[in-house]
Every structure is written in C-alpha cells, then in structure tokens.
Amino acid sequence: MAWPDNVDQEALDCVDTLDPEADADRIAAGWEPAEIFPSPNNPNEIGYDGIDSDCAADNDFDGDEDGYLLDEVQADFESYVTLWGYEDRVASWFPSGAAAYGDCDDADPLAYPGNPDDALYDGRDANCDGVNDFDADGDGYMPPILPESVGGGETEGAFTTFVNKYGLQQLANDLPADITVGPTGEIVLTAFDDCLDVEDPLLTSGGSAVDPATVYPRERSPVLGGNGDTPYDGIDTDCNRDNDFDYDRDGFLVDEAELPNVEVAYTSYIAQWGYEDELAAWGAENDDVLLIEPRPDDCRDDDALTYPAALERLGDGVDQDCDGDSNASAFAFRGNVAEPELEFLDPSAPEVLRLNDLYAIVFTVDSWRQGTDPIEEEVGLIISFEVDEARSQAEPSAQPYRWKLPNPDLVLADPLDVAMVPDCTDEVTGAEQAYIGHSYQVATSNTSYVGWVELQASGPQVIAPARSISPADNDAVPIDIGITIDANCDPYVVSCSIAPTPLLHVTHGLQPLPNLASLQDDQFPGEVCYPRRLPLDDELSMTVCGGASCNDLELDINAGTGDPEIIPPITPVAQTWRSGNLHTSRDADDLITLLPDGGAFGVRLSGDLPLPIELLTKERVLSADAQLWNGDLYMAVVVDDPKNPIRLLHGDPDKPQVTNLTFVPPKGFEGVLPAEIGLHVDDDRIAVAVTALDPTPAYGERGDVLGWLFLGLPL
C-alpha cells in the first residue's frame, strides 16, 4: 500500500536519529532509526514489540483493535506509551478513555471483556469471563453433542480446543468424575452427558419450564427417585436414561388406574428425550422375565416382585402377577413368541415333571398344529419351560418336542405314565432321566405294543433320545399304563386291559417279560394298574383294578419257572376305581390317587400316609393328581362344578386348604370344558397342566386346548 500523494513522507518520519545519551532507553528497547519510517507497508512493524515502526501513532499492543489488552502486556504497554510520548493518545485507543485490560484473545475483535453477545457452544469466549462456553446452565455438565446452529459435532473435542485456546485448564481440572449407571453398570456418564443444558419450552413442571440446572447426571439409586429424579413427571432429572414410568424397575409400566393416560405420557417421554434406543435396556431391568421392551399394567409399581407375569405365591393374599387373583394364577395357553397358537384334538391326560432346570408337560394327541405349521396326527408331545421362566402366563422355552414311531400302522394310544428318579442320570452328560410308559395299537387290529420313551433335558427343552417297545397281546388293548424305575435306573412298564381279553403285561428295560398267563382271566380285570413302589430284589408291587375289585399284587419277576409269579396273598379292595395313579416325588414320597367308579363322589389318597384319606366327599371328581412334598399334600382336581371346575388342595393332608384356579379358555375356544389334570411340586414351583375338550366337536376339528400354570409354594 502506498502513502497518499499529498502526504509528505519525510515530514511524518517519527524517528530519524537517536542520541546515545538522551535516547539510551530507546536504544536499549531495540529502536533502529533506519527501520522506523512512515509506511503502512513497513515490514518492520511488529505487534507487541513496543516499537511504532510505521509511525502510525497507534496502539502496538491491541492486535485486534477491540480496545482491550492482554493482562500480560501491561508493563510493556506502559513503557511503550512513555518512550513514544503517546500519553495524550491513550484515551483514543480505549472506549473507556483509559487503558483497559482483560482481553482473552487479541487476535479476535469479537472477544473482549463485557461483550454482551457471548453466544453459547461456539467455542469463543466472547466476553472473556473464563466461563465454560459449553455449560449453559452452569451445573458442571455439558451436552454430548453440539447444536446444529454451531455446526454440530461432539462437545468433548470442542471443549478441549476451547480450554487450550484460552488457557482455561482449571475448567478441565474441575470436571466431575464419571458416573456408572444402568442395571448392571453398563452406562458410563461423563461431564459430557448433560441431558438438558438449556431450557426447553416443551418440558414443564408445575406449569413452569424445567430449570435445566436441576437436570444433570447423578448416581443411580436402587429405586427410581432416590436421587431426586421424581417418577412419572416425564423428566429424566438424573440423566440416567432410565424409564420414568417404571418406579420399581421391574420392566413394567405403572398401570392406568394409578396414572391415567400413562401410555401417552410414556410415549411422549421417549420422543422428547430421544430414548428410542433404550427400550431393550428398560425391558432387561427384570432379570426374571425376558422382555424386548417394557410392558404395561404393573398393579404395584412400588414392588419389584409384583408385575404381570410375576410368579404368584399360592395363598399369600398378594396379587403378585396383577391378574386380580391374590391367591393363585390363571392358566396360560400360548405357545412361544414365534408360534403362539396351539391347536389340539383329543389330548390325553397330561403328565408334569421336572428334569434339571426344565419343567415338562407330556401328553399325546390325535392331531395337533402350531401356528401355520403342517398338521401332525397320532403324536406324543413334550412342552418345556425353563425354571426361571416358569411363572404367570409362562411361554414355552422351545418348540414342542414330538415323538412317535415311524411305522404309520402303529398308532400311539392314550394311556400314558411318567416316572423319574433324581439319582438316575445319563452316564455321559449327567443329565437327569425320566421315562414315559405308553402303548401303541395296530391300526387294523387289537394287537398292541407296550414300551417306554427315555426323556432328558437338552438345552431349553426336554427330548426323547431313546425308546423301546414290545408286543403285549394280539387281542387286548391296554386301558391303563403304569411305570416305575428299578435300582439300576431301568424302567418297568405295566399295562392292563379288560376286553376283549383281560391281560396284565410287564416290560423291563429293553426286555419284555412273559405275559402273566395265570392272571389272564376274569378274576383280575385291568381297568386301572400302577406299580406301587420301586422294584427291589426282582420283586414288583402293583395294584390292578377292574370289575368288582382291586388287587394288590406282589410279583416275583424272575421265578424259577421263568415266568413271573404272584407272591400271595392277594389283597382285595372293596371299592372299585375308574382311574388311579402313583405319584413319586423327587424326594421319593409315594402318593396313590384313586377316583371311585360309578359316579361316586370324592377321591382316595394312600401310599406314604399313615392311613388312607378320603377328600372332596361331596364333589364328583373328574380328574385328580396328587403329590406329597415336605409333608404337605398338593392335589390338583377337576370337579363337576361349572363355576369353579379346577381346584388346588394344599397343606395338611387331613384338612387341606382349597384354592380355586382361574380357568378362562383362550379366544376361539370359549366352550371347552376342563377334562384331565396333572401336577408336579418341588422346592421351586407348583406346576399344573390341564386339558379342556370341546363338548360338541366337529369331525376332525382341533378344538381342544392344553393350559398350564406355575405357582410359588406357600410361605
């Protein structure tokens, strides 16, 4: 840039010579007359050196000409004014008329003390107050992402640049420590995780906008609200990214009765805070129930053990599963999530057992289908439930396991029994074993086969890795099947029939035993048969009922003739029975359940009891299964009572308590009637399964259902 034509450059020269004595201070300051001359392009003009090399008589210490100086140049500035004699010019250099200090960036004319336009998040300390430009509410925390108005991006990097640029290391030193939150400590909140840094007009509390200074990361409290985060207000005060509508953190939202319009408020909360990605974590708060996201209708949001699908404890007066029944739970009917619909035709009486950490319901059907899968006929089914998932409205842990023979001419018959001894385990895997006793009938004749199926737990389901069958008789179709296990963990299967030929048949392990020819006459008809205890020393005790009496038999399996023999005496029983079974618990307690024939009332229990017990003597019992556990009786029954057809008796065997079990058929099966029932009890659960049949079925229609429920034992 050239000087104007009408300016005398020589006349403006501010330093032409220096006197060694008079100008000693100037010489010491580095003045060189040859380098000092009036020119806007003087290459020697350098800011902050205290030499007015271009003779402009301006402030050599205000690089951005904003009227403010850096604090560290004060001494040099004052020397500059004195040496150059610029005292009368100082007032023109500063808006206040006097030297002003405190500039934080002398290269930025928009950064100076008192600037009223200090915008947030732009990384410029426009008013030079040294305050964190990224903490609008002053609560010590910054938002993770910058607003789009300043270009977006992560706050942490911009903050580091800001600190370094303005020498504000103390801001970094004073940042709060990281906080670990989340159900299992999987979320780490840092100083850059403030979830509300500026006021949001859509967020109100008590009619006023929420003060953002009250919203910042805090330590997680065991119960929502323990750290100042008020439940149900739609404000994530502690920035924990948790569900503001799940006070007890059980994965279920407070119900509408407690908080009207909770679903609307919950949906708004998710959208307002951008928590769409947190739903899976909120569902996972409940370790006992697999939830992909929170569910509604928690009837006690202040109790983490009470929620829909919780394990209901029998008879404690507390509605843990929120179904309106404070003593028991309702039956469930759904398959798993992938294929929820189950259809059956003529399911047999269900047997319930436990293997390792799985409960299993074992039964046979004439035909069945799940969802849109192909229809299967004459098949045995095993529906499994993991122990931890066995609670109210439990869903199976896997697809039903199916078992049948590949020969289509051998039809699986209804009689079925299950036996299990905890000491019997697989030699390779160590898995507990159980056995199903069952029969097959040749489709074109009365020829029947009796056999067993081995059961084992495998992953999330019970499977049948081995099976055996043997011919029973050419003219007898088994009416009943019983099974027990000997000391070597081999199964005994007992079958009995009454027509067209009375027959008692025993299969042991992989070997069929000879038919008991001496018993094949009208003296011992076989409508009900069951082994009475574990066989020891080749002796098998059983009860066979039919016609006018029941007989307790002791059989010597390996008699001298090679044929089983009766060990006398045969003990006749006066009452006749239409059904009966032996239930051996995991603690080896035996309980025999007998239902009277001819429409008589009541049920008879015997076995490991001091004396036989008659119960429900004023009720017609249609089906019953009973078990002893820790000295208490547990018996599930179906009775001829349209109002309360299913009941659970429990407690003192002589005077048990009676609890009605809720049976509401699934949609589309409203007319079915409870038919057969099965029961299993251990220290973890009471498991009940029931079939319900269509009283007026259309031909081939799969209009029957199977239901199940799980309860906790009484305290």
[X] versus [Y], closest heavy-atom pair with distance:
X	Y	answer
W708	A394	NE1-O, 2.9 Å
A626	L591	CB-CD2, 3.4 Å
V493	I483	CG2-CD1, 3.9 Å
T593	A624	CG2-CB, 3.9 Å
I375	S367	CG2-CB, 4.2 Å

Q | More than 12 heavy atoms from other groups under 6.0 Å of CD on E427 | A |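 Atom CD in E427 is not packed in, count stays at 12 or less.
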Q: Sorted by first residue and then second, give each disulfide (SG to SG under 2.5 Å) pair with at least one member in residues 388-466; sequence neighbours left out.
A: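 Disulfide (SG to SG under 2.5 Å) check on residues 388-466 returns C424-C489.
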May I ask you to test the [X]-[Y] pair for a side-chain heavy-atom distance under 4.5 Å?
X	Y	result
P374	R369	no
V379	L412	no
S448	P478	yes
T696	D694	yes
Q399	Q370	yes
T484	D417	no

Distance (rounded to the nearest 0.5 Å) between [X] [atom1] and [Y] [atom2]:
X	Y	atom1	atom2	value
L693	E676	CG	CD	8.0 Å
R334	E395	CZ	CD	5.0 Å
L605	L633	CG	CG	6.0 Å

Backbone N/O of [Y] and side chain of [X]: donor-acceptor pair under 3.5 Å:
X	Y	answer
R685	A390	yes
E377	D366	no
D641	P645	no
R313	L713	yes
Q456	A464	no
D409	V442	no
K618	G602	no
W368	E378	no
N356	L358	no
S384	A360	no

Ignoring hydrogens and angles, write down the donor-acceptor pairs under 3.5 Å from the side chains of residues 654-669, residues two or more places apart or on other chains.
{"unit_1": "T659", "atom_1": "OG1", "unit_2": "H650", "atom_2": "NE2", "d": "3.1"}

Q | For E341, salt bridge (Lys or Arg N to Asp or Glu O under 4.0 Å) partners two or more places apart | A | none
Q) Can you name the residues that form a salt bridge (Lys or Arg N to Asp or Glu O under 4.0 Å) with E619, not counting sequence neighbours? A)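 Only R647 meet the salt bridge (Lys or Arg N to Asp or Glu O under 4.0 Å) criterion with E619.
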Q) By side chain to side chain donor-acceptor pair (under 3.5 Å), which residues pair with D321, not counting sequence neighbours? A) S329, S392
According to side-chain contact (heavy atoms from CB on, under 4.5 Å), who are the partners of [X], at least two apart in sequence or on a separate chain?
X	result
T617	E614
N630	D587, D683
A636	L648, I677, L679, V688
V387	R354, D357, Y359, D684

**Q.** Selection residues 622-648 - residue pairs positive for ring pair (Phe, Tyr, Trp, His ring centres under 6.0 Å), sequence neighbours left out
**A.**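 Listed by first then second residue: nothing to list.
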Q | Pairs involving residues 396-421, ordered by first then second residue, that meet ring pair (Phe, Tyr, Trp, His ring centres under 6.0 Å) (sequence neighbours left out) | A |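 Those involving residues 396-421 are W403-H438.
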Q.
Is a donor from one side chain sitting under 3.5 angstrom from an acceptor on the other, for T425 and E432?
A. no
Q | salt_bridge(E454, R467) N-O dist < 4.0 Å | A |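 Salt bridge between E454 and R467, a charged N being under 4.0 Å from a carboxylate O: no.
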Please tabulate, for side-chain N and O atoms in residues 343-352, each donor-acceptor pair with protein atoms closer than 3.5 Å (sequence neighbours left out).
{"unit_1": "E343", "atom_1": "OE1", "unit_2": "R702", "atom_2": "NE", "d": "3.2"}
{"unit_1": "S348", "atom_1": "OG", "unit_2": "T364", "atom_2": "N", "d": "2.9"}
{"unit_1": "S348", "atom_1": "OG", "unit_2": "T364", "atom_2": "OG1", "d": "3.2"}

